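Report on the structure given below.
The structure presented is a predicted model; accordingly, all values stated were derived computationally and were not measured.
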Amino acid sequence: MLVNVKKNTISFRFFVILLTFNLIISCKSTSSYQTTKIEGKKIGVTNEKGENEAITNYVKPYSDNINKDLNSVLAYCPETQDKSKGTWQSNIGNLLAEITFELGNPVFQKRENKTIDACLLNHGGIRAVIPKGDVTTRTAFEVMPFENSLIIVGLTGKEIKTLAEYIIKEKKPHPLYGMKIYIDKNTLAINKIEINNQPLDENRIYYVGTSDYLANGGDNMTFFKESKIKFDMEYKLRNMMIDYFKKVDTIPNITTEKIILE
């Protein structure tokens, strides 16, 4: 009797071991999956479902207040400012560069006891025209929708020369202030460069106002990126525009030539 119990116990253990082994093998054989097909559905955003009235009513006071601020008239523009009109410079480019200097220079003087010598922004950063008529806060957001801030970069006279060569090679009306570049009308070679009506001194440090995007090498302006002399004014270019619009009654139409053919 004892022998039979022992045999039965051994058989049961063997059965358990065999079953466990089969389960392991089964799991391994079914654990490998392959994706054979992915299906998706495009759901368009339409007015089919209508608006949620509760949400609309909740948001309305805030949106009304924002629109009131954006639509507030700050100044008047007697002539449309457009970046597409002009070979080497445009009226809106001249305006933005001059705003950068006029509003940025007092901040730089107060913080660092230094003066901005020139300003350079990028043509592509201007995203709208300033149309003839009333100028509002919304206008500034449309022209400069990005959160770019004013950075002052120290460049040697030699690096200013590289900057000038970049502008001539680009053949775009980049906003420029405080600098004049005289070039040969046939070869486009640079004859001379003036900063604030003074000949360029290659050994001097010049302070150039620009955006944080360009200061980090944006638009291939590597001469800014390579400089170790940088000051963050923590002043957004768009806010400078708004402050300038509040300051003046009429927006000037600046057509001063910065690239002069000889």
I need the minimum non-hydrogen distance between [X] and [Y], along with the two atoms involved.
X	Y	value
Leu150	Gly209	CD1-CA, 4.1 Å
Leu214	Asn122	CD1-N, 3.6 Å
Tyr244	Ile251	CE2-CD1, 4.4 Å
Met241	Ala140	CE-CA, 4.0 Å
Pro131	Cys77	O-CB, 3.7 Å
Tyr166	Asn220	CE1-O, 3.8 Å

Ignoring hydrogens and angles, tell me if any N or O in the side chain of [X] forms a donor-acceptor pair with the backbone of [Y] under 3.5 Å.
X	Y	value
Gln89	Ile259	yes
Asn94	Ile254	yes
Lys172	Trp88	no

Is there side-chain contact between [X] and [Y], with at least one heavy-atom pair below 4.5 Å?
X	Y	result
Ile168	Ile190	yes
Val73	Val135	no
Leu120	His174	yes
Thr137	Asn71	no
Asn203	Thr156	no
Ile195	Ile160	yes
Ile229	Ile205	yes
Asn253	Pro78	no

Decide whether [X] and [Y] are clustered together by the hydrophobic rule: side chain heavy atoms of Ile, Leu, Val, Met, Phe, Trp, Tyr closer than 4.5 Å, transitively.
X	Y	value
Leu155	Phe231	no
Ile167	Leu200	yes
Leu70	Ile242	yes
Ile151	Phe146	no
Met233	Tyr206	no

Please list, chain by chain and in numerical order, all residues satisfying salt bridge (Lys or Arg N to Asp or Glu O under 4.0 Å) with [X], sequence neighbours excluded.
X	value
Arg204	Asp117
Glu202	Lys161
Glu234	Arg111
Arg127	none

Only counting residues at least two apart or in another chain, list the ones meeting side-chain hydrogen bond (donor to acceptor under 3.5 Å, both in side chains) with [X].
X	result
Glu112	none
Asp201	none
Ser211	none
Tyr207	none

For Leu121 and Leu237: C-alpha separation, side-chain torsions, deciding distance, then whether side-chain contact (heavy atoms from CB on, under 4.5 Å) applies. CA-CA 10 Å; Leu121 303 176; Leu237 299 183; 4.1 Å; yes
Could you measure the distance from the [atom1] atom of [X] to the [atom2] atom of [Y]? Nearest 0.5 Å is fine.
X	Y	atom1	atom2	result
Leu95	Gln81	CG	CD	5.0 Å
Ser149	Tyr213	OG	OH	15.0 Å
Ser90	Ile126	OG	CD1	5.0 Å
Met221	Glu170	CE	CD	7.0 Å
Asp82	Lys132	CG	NZ	14.5 Å
Thr139	Asp134	OG1	CG	8.5 Å

Output every pair passing salt bridge (charged side-chain N to carboxylate O under 4.0 Å, His left out) with a member in residues 137-160, not counting sequence neighbours, ordered by first then second residue. Glu147-Lys236, Glu147-Arg238
Taking salt bridge (charged side-chain N to carboxylate O under 4.0 Å, His left out) as the cut-off, I'd like each qualifying pair that reaches into residues 218-229, sequence neighbours left out, listed once. none
Identify all side-chain donor-acceptor contacts of residues 176-185 below 3.5 Å with residues at least two apart in sequence or on another chain.
residue: Tyr182; atom: OH; partner: Glu194; partner atom: OE1; Å: 3.3
residue: Asp184; atom: OD1; partner: Asn186; partner atom: N; Å: 2.7
residue: Asp184; atom: OD1; partner: Thr187; partner atom: N; Å: 2.9
residue: Asp184; atom: OD1; partner: Thr187; partner atom: OG1; Å: 3.4

Which donor-acceptor pairs under 3.5 Å do the side chains of residues 99-109 make with protein atoms, sequence neighbours left out?
residue: Thr100; atom: OG1; partner: Leu96; partner atom: O; Å: 2.8
residue: Glu102; atom: OE2; partner: Lys247; partner atom: NZ; Å: 3.0
residue: Asn105; atom: OD1; partner: Ile116; partner atom: N; Å: 2.8

Could you go through Asn216 and Phe224, starting from their C-alpha distance and side-chain angles, then the distance that decides it, and tell me whether this counts as side-chain contact (heavy atoms from CB on, under 4.5 Å)? CA-CA 7 Å; Asn216 290 321; Phe224 281 142; over 6 Å; no
